[in-house]
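Below: one structure, written as structure tokens.
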Amino acid sequence: MRIATWNVNGLRARLDFVMHWLAAREPDVVGLQELKLTDEQFPHDDFEQAGYRAVTHGQKAWNGVAILSRKPLEVTQLGLPGQDALGSRLVTAKVEGLTFTTVYCPNGKSTSHEDYPRKLAWFDALAAHLREHADGPAIVGGDFNICPEAIDSWNEERLAGQIFHTDEERARMQTLHEAGFRDLFRSLHPEEQAFSWWDYRGGAFHRGHGLRIDFLLGTEAVRSRTREVWIDRDYRKKQDGLTASDHAPVLAELE
DNA sequence: ATGGCCGTGTAACACGGA
């Protein structure tokens, strides 16, 4: 079973690019973030023609998440309880006995911005919610907007203490780990520096100025079945003249 | 040199992203 997560940065602008990737990689279950469209605008027909059904939790213009699956899936959660004010950022579905959650975690903007404590509170609510849903095989994949460790940033020396790089944010990732959700990439690749996001500006991708902020977290029942995890760097590049998202997909192969 | 790019709303630029 091949699973994936991907922040597409606008599904209407990215649809052809996403279809290109689905045909090339043939994942079974995919979490998508930053759809930037309403549920009514979601292109179900296009995905059905590609062999996927979808469950969505969208909103106008911003945020928005969805899960694609080649097999039937049943929604069990729309939105993180108590956190509706921060937008549509979580959806959970059961597929093939796996509980698959996709999250688009708040950005926070900067440590002095009023959104920063809201980001921390959102993560606290996420941990509380997941503790009740950590039994059996479960995945939480998405854009977490946190660099968990120094190795996950292209420039920890300059950015330590700034947004994505604070001890408070890193403690939230640790709490998710302690709730039973482990970072599958880091579990299989303890020493490898690999990024999942690069700024569009200034040639950041080609300069190696990236961050690893997109993860597939799995319970032990999933981690023990995980054969490989990788970041699909090629799909951070233009494909057939189509513009990429600023995030690359993250994939995992489960036994 | 702290901006450079991109998507969306809305109809020229503002805002958010990370």
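Since this is a predicted model, take the numbers as computed values, not measurements. No hydrogens, no waters, no symmetry mates; every other heavy atom, side chains included, goes into these values. Below, chains carry the letters A, B, ... as their sequence lines are ordered, and counting in each starts from 1.
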Counting any heavy atom closer than 4.0 Å, what does [X] reach on the DNA or RNA strands: base, sugar-phosphate only, or nothing?
X        : result
A:Asn7   : sugar-phosphate
A:Asn9   : sugar-phosphate
A:Ile163 : nothing
A:His209 : nothing

Taking atom [atom2] of [N] as reference, at what distance in whole Å does atom [atom1] of [X] sit?
X        : N      : atom1 : atom2 : value
A:Asp199 : B:dG7  : CG    : P     : 13 Å
A:Gln41  : B:dG7  : CD    : C1'   : 13 Å
A:Asn63  : B:dG17 : CG    : C1'   : 10 Å
A:Glu34  : B:dC15 : CD    : P     : 18 Å
A:Asp246 : B:dT8  : CG    : P     : 12 Å
A:Leu159 : B:dT2  : CG    : P     : 16 Å
A:Lys119 : B:dG17 : NZ    : C1'   : 12 Å
A:Tyr200 : B:dG17 : OH    : P     : 14 Å

Under 4.0 Å between a side-chain nitrogen and a carboxylate oxygen: does that hold for [X] and [Y]?
X        : Y        : answer
A:Asp28  : A:Arg2   : no
A:Arg25  : A:Glu253 : no
A:Arg212 : A:Glu149 : no

Closest to side chain of [X], choosing from [options]:
X        : options               : result
A:Asp143 : B:dG9, B:dG16, B:dA18 : B:dA18
A:Arg12  : B:dG9, B:dG16, B:dA18 : B:dG9
A:Lys36  : B:dG16, B:dA18, B:dG9 : B:dG16
A:Arg201 : B:dT8, B:dC6, B:dG4   : B:dG4

Item to check | First of A:Thr243 and A:Leu211 reached from the 5' end of DNA chain B, by closest nucleotide | outcome: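 Nearer the 5' end of the strand: A:Thr243.
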Checklist entry - Start at the 5' end of DNA chain B and walk down; is the nucleotide closest to A:Ala244 or to A:His247 reached first? => result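 Result: A:Ala244.
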Checking side-chain polar atoms at under 3.5 Å, does [X] have a donor or acceptor matched by the opposite partner on [Y]?
X        : Y       : value
A:Ser245 : A:Asn9  : no
A:Lys36  : A:Asn63 : no
A:Thr38  : A:Gln41 : yes

Using atom [atom1] of each nucleotide, how far apart are [N] and [M] to the nearest Å?
N      : M      : atom1 : result
B:dA14 : B:dG3  : P     : 15 Å
B:dC15 : B:dA11 : P     : 14 Å
B:dG7  : B:dA18 : P     : 14 Å
B:dC13 : B:dG4  : P     : 15 Å

Item to check | salt bridge (charged side-chain N to carboxylate O under 4.0 Å, His left out) pairs, two or more places apart, involving residues 75-92 of chain A | outcome: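 Applying salt bridge (charged side-chain N to carboxylate O under 4.0 Å, His left out) to every pair that reaches into residues 75-92 of chain A, excluding sequence neighbours, yields nothing.
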Next on the checklist: Run the side-chain contact (heavy atoms from CB on, under 4.5 Å) test against A:Ser69 and tell me which residues pass, sequence neighbours left out.
Outcome noted: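 In terms of side-chain contact (heavy atoms from CB on, under 4.5 Å), with neighbours along the sequence ignored, A:Ser69 is linked to A:Val29, A:Lys71, A:Leu73, A:Val95.
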Checklist entry - Going by number, which of residues 104-115 of chain A have a non-hydrogen atom under 4.0 Å from DNA chain B? => result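 Within residues 104-115 of chain A, the residues near DNA chain B are A:Tyr104, A:Asn107, A:Lys109.
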